[in-house]
Amino acid sequence: MSHAQGGSLRSNITRRLVRRILAWGLGLALMCSVAGGAQAQSADSSTAPAPAPEPPSSLEFHDVANDAGRAIDLSWKLSPDDTAGSLRVSGYVLERTENLAGPWTLVDTVAAGTSTKNDQSVTRDRSYFYRVGATGPGGFTPAGAAAGPAIARSSWFNNTRWSVLAFIVSFFLFVLYFISVAQAGRKPFVRRLAGIDAIEEAIGRATEMGRPVLYVPGVQDIDEIQTVASLVILESVAKLTAKYETPIRVPVAYPIPFTIAQEMVKSGYLNAGRPEQYDPDSVRFVSPEQFAYVAAITGIMLRDRPAAHIFMGSFYGESLMLAETGFSTGAIQIAGTANVHQLPFFVVACDYTLIGEELYAASAYLSGEPKLVGSLKGADLLKITIIVVVIVGSVLETMGIHGLTTWMQTQ
Amino acid sequence: MKRELPLFLTAVIGLFMILSFFVPHQFVSVPADFLQQCAVIVVAFGYVLGGANVLRVNFDGIYKRQPDWPYKIVLAGSLLITLFFGLKEGRAWQDSNSVSMWIYNQLYSPMSATMFSLLAFFIASAAFRAFRIRTMEAGLLAAAALIVMLGRVPIGDVMTQWLPEPLRLGAVQDWIMNFPQNAAKRAVLIGAAMGVMATGLRVILGIERSYLGGGE
């Protein structure tokens, strides 16, 4: 290699090195400028106000069916900006007016992602126009157009309750048929109810011991049908206590059952032909407060030591407290309730227990009146009908046919 | 007339309330709501009768020095004091610094909680009797109860971890609760519902009329 060739080679290498350094420098400078620009752009975007969200669309309204004209269902399409992870929509504002010229009144605000609302603040047979707008950090965007007029109208029949009507009409017909059969002289058979048969035995025992009978008609008011059933039984019990000349104590939790219980006991003494023996203090109003009632009754159990305790009606947590305290006094105890969760407690602590429907059957059983016994047979026939419907419904559902289930659903 | 008028009113109002279950129109729903509000007002008047009965029975007991009569003084005194402050404070009785609220929080609530807590002891004594195995049925009951109680706590599954999943105590107790227990419970409920309908119908149609009292 000559000196000239060697010098040329060195100068080439030097030029390439210089060009490469320049290229790196330029690239670095460009990258810095791009990054800086991006930062600047980012800084610009954080300070600029976010745009208001796009409005929701397709607002629709429907009068709620099967009601008394008390509500309107509203639905709309979400704003295009109301997407998962997006923070541009924070909620929707629903407004309504009776006149398109305004003024608009706020119905409600709902959260982002909600596209339905049930307006229950409407007045029946009045026209309303609705609009829905989207709101977010960027501001509020009202909907372009109002929807209406929406009118809430009353329905003449709740179409989801045809099945209930069919069962009630069937029940009425069954009962009326069996009552007519019973009145014609064919008294239907009713199986023995050990708990009811034991009532006379218990009262007889109390008579022998010279102690009173305690009758507890439950802890519910007269709107509970178990209380009605219990008060009907009370008359028969009072008749027996009058017959045996044994005092009866009836502590009552609510004022209306209290007045009825007074009438029932008086009626029992009257029907037994001993109205003069009726003691007005035998029926006492205590308190609707559950545990105050328990305290009063357990007090009677421990002070007066009744020889027979009869619990008939609706009971809750106090059932075991009453029955166990009664058990500790050694009294004969008879209970009856339709509250399923309390039945085990009575079964454990009482000598006899009327389970569920037996409580309702007791009055018919005690009186033996053909009309009342006929109503029991009507209820039995409806029970058979329900069992058949349950079996048929199960088979149809298994086969994928849902018509019967749909018909039975109520609102 | 003393019996016919109440029977007529019961039948008309009872059938009207049944009708209101099926007809939501305002011609039916508005009077039905009104009738229910009337019932609330009637009940409010009933409390006057009830309160008078409480005072009469207890004052009579105090006067005659019946056994434990001093407790009757406490009862009648508590009733009158609570009533006095309730009437005096009116709607402000719910204020946190009212005397009525103090009576409720400091006297009524603790006493009520005390009574309720006794239930635990009653359950223990009742369970002791219930699970004495004297018959086949009592044995089945005790076995089912043992499985359900153990299956509902973690130790039940720990004890039977070596068994296949469907045979572990948790799964067996689920089966007992969902099938035999639920079936029996629903049978009682359906029967009771029929009883409710039958009793209601008897009252509405006037077949059951003993609740009207003995006077003809």
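Quantities reported herein were computed from a predicted structural model and do not represent experimental measurements. Naming: A, B, ... by sequence-line order, numbering from 1 per chain.
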Chain B heavy atoms under 4.5 Å from [X]: which part of the residue, side chain, backbone, both or neither?
{"X": "Arg124(A)", "value": "side chain"}
{"X": "Pro288(A)", "value": "side chain"}
{"X": "Val340(A)", "value": "side chain"}
{"X": "Val286(A)", "value": "backbone"}
{"X": "Ala361(A)", "value": "neither"}
{"X": "Ile222(A)", "value": "neither"}
{"X": "Asp380(A)", "value": "neither"}
{"X": "Ile179(A)", "value": "side chain"}
{"X": "Leu343(A)", "value": "side chain"}
{"X": "Leu372(A)", "value": "both"}
{"X": "Gln262(A)", "value": "side chain"}
{"X": "Tyr269(A)", "value": "neither"}
{"X": "Phe258(A)", "value": "side chain"}

Handout entry: SB check Arg70(A) Asp33(B) (cutoff 4.0 Å)
Key = yes
Name the region of [X], side chain, backbone, both or neither, that has any atom closer than 4.5 Å to a heavy atom of chain A.
{"X": "Tyr108(B)", "result": "side chain"}
{"X": "Val42(B)", "result": "both"}
{"X": "Ile18(B)", "result": "side chain"}
{"X": "Leu49(B)", "result": "both"}
{"X": "Leu141(B)", "result": "neither"}

Problem - When Val164(A), Thr259(A), Ile355(A) are compared by non-hydrogen pairs under 4.5 Å with chain B, the top option - result: Val164(A)
Completion exercise
If you tally heavy-atom pairs under 4.5 Å between each of Lys383(A), Glu324(A), Arg153(A), Gln290(A) and chain B, the highest tally belongs to Glu324(A)
Exercise for the section: Classify the angle between the aromatic ring planes of Phe291(A) and Phe116(B) as parallel (below 30°), tilted (30 to 60°) or perpendicular (above 60°). Expected result: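 Tilted, since the angle between the ring planes falls between 30° and 60°.
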Exercise for the section: For the residue pair Tyr47(B) and Phe285(A), categorise the inter-ring angle as parallel (less than 30°), tilted (30 to 60°) or perpendicular (more than 60°). Expected result: perpendicular
Exercise for the section: Establish, from distance only, whether the side-chain atoms of Ser112(B) and Glu289(A) form a donor-acceptor pair under 3.5 Å. Expected result: no
Practice task
Could you tell me whether Tyr177(A) atom OH has more than 12 heavy atoms of other residues or ligands within 6.0 Å of it?
Solution key: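 At most 12 heavy atoms, drawn from other residues, nucleotides or ligands, come within 6.0 Å of this atom.
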Practice task
Can you measure from CG (Leu19(B)) to CG (Leu165(A)) and round to the nearest 0.5 angstrom?
Solution key: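 Result: 10.0 Å between the selected atoms.
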Handout entry: Stacked cation flag Arg303(A) on Tyr71(B), 6.0 angstrom / 45 deg
Key = no
